[in-house]
Amino acid sequence: MLRPRADADVVLALTSVRRSYGRGPGTVTALDNVTTSFARGSFTAVMGPSGSGKSTLLHCAAGLDRPDAGEIFLDGQAIHDLDERRLAAVRRRRIGFIFQAYNLLPALTARQNITLPGELNGERIDRRHVDEVIAAVGMTERADHRPAQLSGGQQQRVAIARAMFTRPAVIFADEPTGALDSQSAADVLRLLREAVDRHGRTVIMVTHDPSAAAYADRAVFLRDGKLAGSLANPSVDRITGSTQQIDAVHGGGSNVAR
Ligand code: ADP
């Protein structure tokens, strides 16, 4: 069998990944034998109803949680069986995160928030790279503002710059537009698109919003912890159509163990 690491174009590969919560009759299989891969320099939307396993997939793939079974390779490195210390190092150095609630440190300016992960990694901070990343998200004028002085959309743009700053192998975004008005959401999605197209980053975004997923190169659909389908070059209409088809096949099932 071809090892995921043998394919230089695959930056993240999951093989037969399983993750359950609880024991006995109440066991919930949050991820049930998931196998998929993500190409370097691609933008993928992970979609599915609440409870379908999106967060669990993201957490396992990003080294925030460990699967019960299966393999996960990030940029050729097996991360499914790393101890917590090594996993933390992978998260710091190889992964960028963007959260719905921005998660900026309130006492730091935008610029300081952006450079903090690099500083924690002990990297020398290249001022030109800082300025470039700040300019790329359109925050040059407000780089010395603190989060409380910024709108939600501006805070999320700072969070995107922070996620890009260390040039991670993969940027994970968990409902990044969930708290934003539609104009700010469009700005954020355009920046994620640019991170892929101009800067060669790989973005994996969890969303339930078809109009957000339409910015991606591919949408993958989860149902009851399983991969239920995928769509290349998704549009809102095609996402809606696929969702209806998948619902017709899967019904509104539960992933509680029977
Ligand atoms: P989604 O992100 O699609 O809403 P999740 O990955 O959060 O789905 O959850 C998948 C399933 O796993 C759900 O049934 C959820 O209740 C369950 N689950 C997630 N995290 C935990 C946990 N820490 N303890 C118990 N059950 C959990």
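Quick caveat: nothing in here was measured; it's all calculated off a predicted structure. Indexing begins at 1, ligand by ligand and atom by atom, following the structure's order.
Of all the heavy atoms of Val28, the ones lying under 4.0 Å from any atom of ligand 1 belong exclusively to the side chain.
In this structure, Pro49 is part of the shell of residues with a heavy atom less than 4.0 angstrom from ligand 1. Within the structure, the closest approach of Gly48 to ligand 1 does not fall below 4.0 Å when heavy atoms are considered. The shortest separation from a heavy atom of Ser50 to ligand 1 is under 4.0 Å, placing the residue in contact.
In this structure, Leu180 is a member of the same hydrophobic cluster as Met205, with clusters built from ILVMFWY side-chain heavy atoms closer than 4.5 Å.
Geometrically, Arg218 engages Phe38 in a cation-pi contact, judged by NZ or CZ lying under 6.0 Å from the ring centre and within 45° of the ring axis.
Remark: Ser242 engages Phe221, Leu231 in a side-chain contact (heavy atoms from CB on, under 4.5 Å) (not counting sequence neighbours). For Phe99, the ring-ring contact (aromatic ring centres under 6.0 Å, His included) partners at least two apart in sequence or on another chain are Phe97.
Taking a cut-off of under 4.0 Å to the non-hydrogen atoms of Lys54, the atoms of ligand 1 that pass are 1 (P), 2 (O), 3 (O), 4 (O), 6 (O), 8 (O). Of all the atoms in ligand 1, the ones that sit under 4.0 Å from a non-hydrogen atom of Ala30 are 10 (C), 11 (C), 12 (O). Distances below 4.0 Å separate heavy atoms of Ser55 from the following atoms of ligand 1: 1 (P), 2 (O), 6 (O), 7 (O). Atom numbering of ligand 1 starts at 1 in the shown order; those under 4.0 Å from a heavy atom of Ser52 are 1 (P), 3 (O), 8 (O).
Remark: side-chain polar atoms of His129 are paired, donor with acceptor, to backbone N or O of Phe165 under 3.5 angstrom.
Between Val46 and Leu58 there is no side-chain heavy-atom pair separated by less than 4.5 Å.
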